[in-house]
> 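Structure below; questions to follow.
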Amino acid sequence: MADLLRRARLVGDKLKAVFGDNGSEIDMVKAPGRVNLIGEHTDYNDGFVLPVAIDREIIMAAQPREDDEVHLYAVDLDATSSFKLENITKDTDAPWSNYIRGVLLLLGERGFPIRGMNAAFSGDVPLGAGLSSSAALEMASGLMAAVIGRFPIDRVELVKIAQAAENNFVGVNCGIMDQFISGLGKKDHALFLDCRSLDYQLVPLPPMDEYKIVIANTMVERGLVDSAYNERRRQCERGVELLREYLPGIQALRDVSGADFGRYRHHLPAVVAQRCEHVISENERVLESVRALRAEDVEEFGRLMGASHISLRDLYEVSCKELDIMVEVAQGAEGVLGARMTGAGFGGCTVNLVRAAVVDDFVALLKDAYGKKAGIEPEIYICQAEDGAKELKLK
Ligand code: ADP
Ligand code: MG
C-alpha cells in the first residue's frame with residue numbers, strides 16, 4: 001500500500017508537470033491486472049472461471065477541465081494524446097489511448113455525464129503478457145470518468161461497458177472475465193464467475209502469508225493465438241451443434257454434463273470431441289476448485305491446477321514447449337502446490353501456487369532451470385490477490 005501511494009504521488013506529479021496544475025483537486029484511481037487460477041477457454045462456452053485481481057495495477061491521476069477536451073499522458077511511454085468528448089475517434093498514432101477513448105465514448109453514448117479532464121497514468125502490469133493490462137487501463141479510465149464526472153455507476157455495468165469498448169472500439173474479441181475481475185476483485189479472494197449469468201461469488205484464498213501466487217512469464221510472444229483461438233471457438237460451436245441432436249436444448253458446452261458427453265462423444269469428429277472434453281472437464285474442475293478452496297484443501301486445489309494444464313496441453317492443444325517446460329520445472333520443485341499455463345496459451349504466463357516460506361528459492365530455481373532448458377530469461381512476479389478498481393485517497 002505504501003508503494004502504491006508513493007507511485008500514485010509520482011503520477012500526480014507527472015500530471016502537473018505535463019499539463020500544469022489547474023488548481024482543482026487531483027483525483028486518483030487504481031485498477032489491477034489479473035491472473036486466472038483455473039477455468040481456461042471456458043468463458044466463451046458460457047462456463048466458469050476463477051481469476052484473482054493482482055497487486056499490479058494501472059494508477060491514473062486526473063484533474064477536471066472546464067471545456068470538453070481530454071488530454072492524456074501515458075507516463076510509461078512518455079506519450080500524449082488528446083481529443084474532444086463530442087468527437088471521439090481512434091488514434092492510430094497512440095493506440096494505447098484507444099482503450100480510454102472507447103470507454104469514454106460508450107459512457108457518453110449511454111448518457112453518463114462525462115467531463116473533460118487532464119489525466120496521467122502509469123502501470124506495472126506487464127504489457128501484452130496475458131495479465132490484462134488492457135482491462136486494467138479500461139477499468140481505471142471508466143472509474144476515473146465517474147469520479148471526475150461525479151456520477152454513480154453500477155460496477156457490473158461499468159465492466160460491461162469496458163468490455164464493449166475493447167470489443168467494438170479497440171477491436172479485440174475478449175470475454176468479460178478480465179474487466180470483471182479488475183472491477184470486482186477482492187483482497188485475499190478469488191472470484192468465481194459464471195460467464196453466462198454473470199453471477200459471482202468471492203472465494204477466500206489460502207492465507208497469503210502462507211501461500212503466494214507466482215506468475216512466470218515465458219517471454220514467448222503469443223503469436224498463433226488469434227487464429228488458434230478462433231479455430232477453437234468454432235470447434236466448440238460445432239460440438240454443440242452436433243451434440244444438440246442428442247441433447248436438445250443445450251445452448252453451449254456449459255450445458256453438457258460429463259456423463260452425457262461420455263454417452264454421445266463418439267458421434268463427434270475426434271478433434272472436436274477432444275476440444276469439448278477439455279471444456280466440459282475444465283468447467284467441472286472450476287467447480288471442484290471452489291469446493292476445495294472453501295474446504296481449505298490447498299493440495300486438492302493444486303492437483304486440479306495440474307490437471308487443467310494437462311487438459312490444455314493434450315486435449316485443447318494450446319500450450320507450447322516453453323509453457324510446458326515452465327510447468328514441469330515448477331511441478332518438480334519443493335513447496336509448489338500447483339502449476340499451470342494461464343491465459344489463451346501459445347506463450348504468455350504460467351501461474352503457480354507456492355508456499356510463502358520457499359518462494360524465493362522457487363523463483364531462483366525457476367529462473368535457472370527455465371533459462372537453461374528454454375534458453376530464455378523469464379520474468380517472475382510474486383503476487384497476491386488485491387482489491388479491484390477503486391479510488392485512492394492520498395490524504
Ligand atoms: P494484455 O492485456 O494481455 O496486457 P493487450 O495487448 O490486450 O495485452 O493490451 C496491452 C495494451 O494496453 C498495450 O499495448 C497498450 O496499448 C495498453 N497499455 C496497457 N498498460 C499500459 C501502460 N502502462 N501504458 C500505456 N499503455 C498501456
Ligand atoms: Mg488485454
Side-chain angles (χ1 to χ4, degrees), residues 4 7-8 10-11 14-15 18 28-36 40 43-44 49 51 53-62 70-82 90-104 119-144 159 162-183 185 215-226 229 318 323 341-351 379 381 383 389:
L4 189 64
R7 283 169 46 223
L10 283 177
V11 178
K14 288 282 185 188
L15 173 77
V18 172
M28 298 266 185
V29 301
K30 70 134 210 184
R34 66 96 184 93
V35 68
N36 191 20
E40 219 64 75
D43 57 347
Y44 51 84
V49 292
I54 56 176
D55 51 344
R56 286 180 167 253
E57 60 281 306
I58 297 276
I59 298 171
M60 187 177 281
V70 174
H71 293 255
L72 301 171
Y73 178 60
V75 177
D76 308 320
L77 306 177
D78 188 23
T80 55
S81 177
S82 55
K90 264 176 121 160
D91 183 348
T92 44
D93 295 331
W96 54 270
S97 75
N98 293 329
Y99 299 91
I100 307 168
R101 289 164 181 259
V103 171
L104 293 179
F121 68 95
S122 169
D124 60 358
V125 187
L127 274 56
L131 302 182
S132 229
S133 65
S134 59
L137 183 51
E138 290 149 13
M139 291 308 294
S141 312
L143 181 57
M144 182 56 92
V159 162
Q163 185 208 8
E166 184 150 347
N167 287 171
N168 305 331
F169 190 83
V170 180
V172 176
N173 186 12
C174 59
I176 191 122
M177 167 171 72
D178 301 354
Q179 292 80 10
F180 207 99
I181 183 66
S182 183
I215 299 170
N217 189 344
T218 61
M219 308 302 280
V220 175
E221 291 243 346
R222 299 167 295 160
L224 270 170
V225 89
D226 281 350
Y229 179 87
V318 290
L323 283 166
M341 57 157 278
T342 183
F346 300 106
C349 295
T350 67
V351 60
E379 274 183 15
Y381 324 108
C383 295

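Side chains are part of it too, since the values below use all heavy atoms of this structure and drop only hydrogens, waters and symmetry mates. In listed order, ligands and their atoms are each counted from 1. What you see is a predicted model; the values in this text were computed from it and never measured.
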> In the protein, which heavy atom is nearest to atom 14 (O) of ligand 1, and how far is it?
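Result: L127 CD2, 4.3 Å.
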
> Just going by heavy-atom distances, which of A136, C349, S133, G343 is nearest to atom 10 (C) of ligand 1?
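Going through A136, C349, S133, G343 one by one, S133 has the nearest heavy atom to atom 10 (C) of ligand 1.
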
> Mind checking whether V172 contacts ligand 1 via backbone (N, CA, C, O), side chain (CB onward), both or neither, at a 4.0 Å heavy-atom cut-off?
neither

> Taking Q179 for its side chain and M139 for its backbone only, find out whether a donor-acceptor pair lies under 3.5 Å.
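Side chain of Q179 to backbone of M139: no pair is present.
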
> Who's the nearest protein heavy-atom neighbour of atom 3 (O) of ligand 1, and how far?
G130 N, 3.1 Å

> Would you call the rings of Y44 and Y229 parallel, tilted or perpendicular, where under 30° means parallel and over 60° means perpendicular?
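Answer is perpendicular, since the angle exceeds 60°.
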
> Does this structure show an ion pair linking R101 with E138, if we count only N-O contacts that are shorter than 4.0 Å?
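Salt bridge: no.
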
> Which is it for L77 and ligand 1 at heavy atoms under 4.0 Å: side chain, backbone, both or neither?
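Under 4.0 Å from ligand 1, L77 contributes side-chain atoms alone.
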
> What is the nearest protein non-hydrogen atom to atom 26 (N) of ligand 1, stated with its residue, atom name and distance?
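Ranking protein heavy atoms by distance from atom 26 (N) of ligand 1, first comes W96 CB, 3.4 Å.
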
> Less than 3.5 Å between some nitrogen or oxygen of G128 and one of ligand 1, yes or no?
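Right, the criterion is met.
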
> How far is atom 9 (O) of ligand 1 from its nearest protein heavy atom, and which residue and atom is that?
S134 CB, 3.3 Å

> Does NZ belonging to K14 count more than 12 external heavy atoms closer than 6.0 Å?
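Not buried by this count: 12 neighbours or fewer within 6.0 Å.
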
> Starting from atom 18 (N) of ligand 1, find the nearest protein heavy-atom neighbour and note its residue, name and distance.
L137 CD2, 3.8 Å

